Asker: 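Dropping a structure here in structure tokens format, bear with me for questions.
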Amino acid sequence: MYHQPVLKNRRTLLERAEKFISEIYFTDCNLRGRLYGDACPLESISSSLSQQRIPFLEAVKQNFEPYQVGDTFGPTWWTCWFKVSLRIPDSWRGKQVHLSWESDGEAMVWRDEQPVQGLTKEGEKTSYVLTECLKDDETHSISLYVELACNSLFGAGKGSMIAAPDPDRKYSVQKAELVVFKSDVRELLTDLEMLVDMVKLLGEGEQRGYQALFTANEMVNLCEPTNPSSFPAARSLAQKFFSQRNGESQHTVHAMGHCHIDSAWLWPYEETIRKCARSWVTVIRLMEKNPHMVFTCSQAQQFDWVKSWYPGLFSQIQHFVQKGQFIPVGGTWVEMDGNLPSGESMVRQFLEGQRFFKKEFGNYCKEFWLPDTFGYSAQLPQLMQGSGITRFLTQKLSWNLVNTFPHNTFFWEGLDGSQVLTHFPPGNSYEMKGKVEDLVNTVKNNKDKGRANHSAALFGFGDGGGGPTQLMLDRLDRVQDTDGLPRVQMSSPDRLFSELEADSSLLCTWTGELFLELHNGTYTTQAQIKLGNRQCETLLHDVEVASSLALCLDKTFQYPSEPLQILWRQLLLNQFHDVIPGTCIEMVVEDALRYYQGIYQHYDIIKVYISTMILSRYTSALRYYQGIHQHYDIIKVYISTTILSRYISAADGTVLMENGILRAVVNKDGCLASLYLVETNREAISHGCSGNQFVLFDDVPLYWDAWDVMDYHLQTRKPVVEVVSPVQIASPGGLRGSVTFTLRISDKSTITQEIILDAMCPYVKFNTQVEWFESHKFLKVEFPVRVRSPNATYEIQFGHLQRPTHRNTSWDWARFEVWGHKWADLSEHGFGVSLLNDSKYGYSVHQNTMTLSLLRAPKSPDANADMGSHQFTYAVMPHTGTFQEASVIQWAYNLNSPLRLIDHAPGSHTVAWSAFSVSAAAVILETVKQAEDRKDGLVVRLYESHGSSVSVYLTTGFPITEAWHCDLLERVDSSRPAPITASGISISFSPFQIVSLLLYLK
Ligand SMILES: [Zn+2]
């Protein structure tokens, strides 16, 4: 057909094509307006409302009342079940017929008692395909159920997404009818959309953009929306354009379907179970139609939920896992927070996760997958390597507020030198839509151009949006090899990383933690969750040690492996990246605290059991395992009070406390005017300053309330100075000397504290009670110390690292609030001060002021976050030499490990014995547990804590026949027996190395 040559008017041509596919403009005559054909009402629709999330078979027995489209129901978190009867008109023979369903909330279609597809407007899933091509001999009358959760994709925030949920919101169905769907129109629309996007994204500087423009324009010329016979000619123009290929050097995008599902966040855990089912069943439907489609899916916990609640769906998933389309990734129980869980917790994330994947799907995961976590511990590379994982995918550092992370594909080197190949998808998203924009950004943003020629693109709606859509697949399909765009292939993590590994010689290395310069409030928000986590980590540790000792003493002892697995899994679940950081709604906080309560209660049961079965016959095993950590509390008990000169004296408003190691002068407001290390005549508190100074900050972030504390909060510092009751002596002496006082924070909030100096104890302990009813305030405590050092040291998982105390560069000052575990230390040569805690994670050390973050008061997504009573303990410990020489690490364990008492029968065996001991203080015996797959085997896990190379002997009073090195999944390395010598089991460590041994008991 002859046309006049088009004028050189890029804008009108582009907008013409845009209007031709617009959903808003000219739908009366454009192509988009022809996407659907005839419509027909449903035969009947009735509904039944349920406050609970109930199973299908229970739901269908409920009373159903007639429902009119438009009627409202609710409130939030309830479920409305719909019973739908429909009949497809005979005249629609040969047509594709959809149930068109537009509603609020998140829905699941049930057919023949099975879940068949998710429906959600926000995830662009508003139709259920009844037939691809209606035939006379297929059933035209169909009954369905639709289960509709009264919450949207991101919960039910009142006014904004992260606001606390609106409990009274009403929901409705806006459309429910049968429609004819015209797939030929859809195909043409997709062609045009991709071309238009190429015109826009390649811009005026690219010849290829003009070729796309003229192709689209000519297609509009050829295509008559009302005449489908005009479509093929238009389509063939598009196909010709898309099949013009790239050169060989073009970047390759590895597209993978994905659906990031937060295990709880703006909705409770229970709803997540349904989000998984809705999303994954939709993915299965897509896989049936698209045999090349690949979907990556993380979090063993979510698979386990679906296995329990939707067994039919789970076996379909297993089928597609075997086919290589549904790909389990990550290897962990949940996508946990990357900062706060302890070293052993992180090991268990991998142990529980990998063992689940192996058992259910036949393979361990090869990639660690954590796209959405708020920073990544420097110990993770070693933990990955120990769990059979050499590759890591994330992208969250693209959220950095200050500095741009310099790599997308690189080797990440951890604290001990372990390396993993790491990839940040350059599109900076894990929820792409398969659009031209995603592909162009992937190439443009790649910071390793010339070094890495392969990238991942994860596409699909997350959080219940149901993951990928057919449209996304169709988009990607068109541009597999189209000049002007990167090559696109449906791929898998294994293919991507194999390509990257094959050509890695030019890749850079990043050493140390991946610190997220955002969300630093998450080290402090929801203090009760943090406390529960720390206490339960310690408790499960203790139960395992005690049970292991009981097992060693009596082989008939039933090690409580099943309850322990359940409790560990609950603890691991609460470490999910919106729960332990405290960024979840109040309902989730309640769930999390209930799980911790369950762990405490189970401990009581297990304790009684262990006590009755075994320990009563021996001296308290629990007491002795604590020797592992050099628990000085025990020693204290044996020390005669006569040795313990304890002096407390009051004068002029101050109190002097002394225990022979430390001498502290406490002002009437609880501040330390002086903290003196007697042995070396060193004052620890900075001249003219006070230690234990409470300070309050305004804490109003830019948006992410529970998540973020911004740099500017530091400008609003106000000391807490108002004394309600001045310091008075609480314990005058003997084993413990202490004073108490109360300060007023505001009209609503107070701090009551007991400052404690124990006999033989090298630290001053602060037992703190805060009544906290603030709004957008941040409470911290400061210790300005007489130490000068450019770096402070913070404990992390199985080790420690240094961060600067100055603000030279943007990388330094962006870390104005950092995380640490049980202790932080500031030392100069020969002297230092450590700040220990029992449940806190937020720290900062600026110049010579050490600060511990105590409580925040954000209002969303939990309007009541942290309101109420809090109890926590911290301690300050001046020391000579290095913190290693001063045993700060052991003392921090001491502060966190309460002495647990178990009754034992009078007259029973009370000879002292030692279960385990390690010959060098640098090595910590962290874990003693029964081996997962060997009832007569113990796994012991040790780590080098000083940052030194050292050889040690592990001695034990138990008869061990063999000792083998094993990995974190407890797989024995048959090339590495651990020699058992007369001095004990010989083990060598490099700095921060984690060693696991499998011990065979006689
Ligand atoms: Zn997330």
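Computed from a predicted model, the values in this text were never measured in an experiment. For the single chain, residues carry numbers from 1 onward in sequence order.
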Asker: Assess the side chains of Q96 and H98: does a donor N or O sit below 3.5 Å from an acceptor N or O?
Answerer: yes

Asker: Would R208 pass as a cation-pi partner of F241, given that its NZ or CZ must be under 6.0 Å from the six-membered ring centre and within 45 degrees of the axis?
Answerer: yes

Asker: Side chains of S263 and Q299: is there a donor and an acceptor less than 3.5 Å apart?
Answerer: yes

Asker: Could you check D494 against R391 for salt bridge (Lys or Arg N to Asp or Glu O under 4.0 Å), going step by step and ending with a plain yes or no?
Answerer: CA-CA 9 Å; D494 189 37; R391 303 150 161 187; 2.8 Å; yes

Asker: Which is it for R11 and E15 under the salt bridge (Lys or Arg N to Asp or Glu O under 4.0 Å) test, yes or no, and what are the steps along the way?
Answerer: CA-CA 6 Å; R11 181 180 159 185; E15 289 197 22; 3.2 Å; yes

Asker: Using ring centroids (six-membered ring only for Trp), state whether W280 and F320 fall under 6.0 Å.
Answerer: no

Asker: Would F20 and F26 count as a close aromatic pair, with their ring centres under 6.0 Å?
Answerer: no

Asker: Do N453 side-chain atoms and S249 backbone N/O form a donor-acceptor pair below 3.5 Å?
Answerer: yes

Asker: Go through the steps for S298 and E335 under the test side-chain hydrogen bond (donor to acceptor under 3.5 Å, both in side chains), then give the verdict.
Answerer: CA-CA 7 Å; S298 66; E335 286 188 15; 2.6 Å; yes

Asker: Within 45 degrees of the axis of the six-membered ring of W92 and under 6.0 Å from its centre: does K95 put its NZ or CZ there?
Answerer: no

Asker: Could you check whether E193 pairs with R475 (Lys NZ or Arg NE/NH1/NH2 to Asp/Glu carboxylate O, under 4.0 Å)?
Answerer: yes

Asker: Considering only residues two or more places apart or on different chains, which pairs with a residue in residues 429-442 satisfy side chain to side chain donor-acceptor pair (under 3.5 Å)?
Answerer: D372-Y430

Asker: Can you pull out every ring-ring contact (aromatic ring centres under 6.0 Å, His included) where at least one residue sits in residues 470-489? Sequence neighbours excluded, please.
Answerer: none

Asker: For W309, is the CH2 atom crowded, meaning more than 12 foreign heavy atoms sit under 6.0 Å from it?
Answerer: no

Asker: Using a distance-only test with no angle check, is there a side-chain donor-acceptor pair under 3.5 angstrom linking Q117 and K125?
Answerer: no

Asker: Would K19 count as a cation-pi partner of Y25, with NZ or CZ less than 6.0 Å from the six-membered ring centre and within 45° of the ring normal?
Answerer: yes

Asker: Is it true that E106 and R278 have a side-chain N and a carboxylate O under 4.0 angstrom from each other?
Answerer: yes

Asker: Among F73, Y171, W110, which one satisfies ring-ring contact (aromatic ring centres under 6.0 Å, His included) with F82?
Answerer: F73

Asker: Whether K275 engages the ring of W267 as a cation-pi pair (distance to the six-membered ring centre under 6.0 angstrom, angle to the ring normal within 45°) should be assessed.
Answerer: yes

Asker: Less than 4.0 Å between a side-chain N and a carboxylate O, is that true for E187 and R478?
Answerer: yes

Asker: Would you please name every residue forming a salt bridge (Lys or Arg N to Asp or Glu O under 4.0 Å) with K170, sequence neighbours left out?
Answerer: none

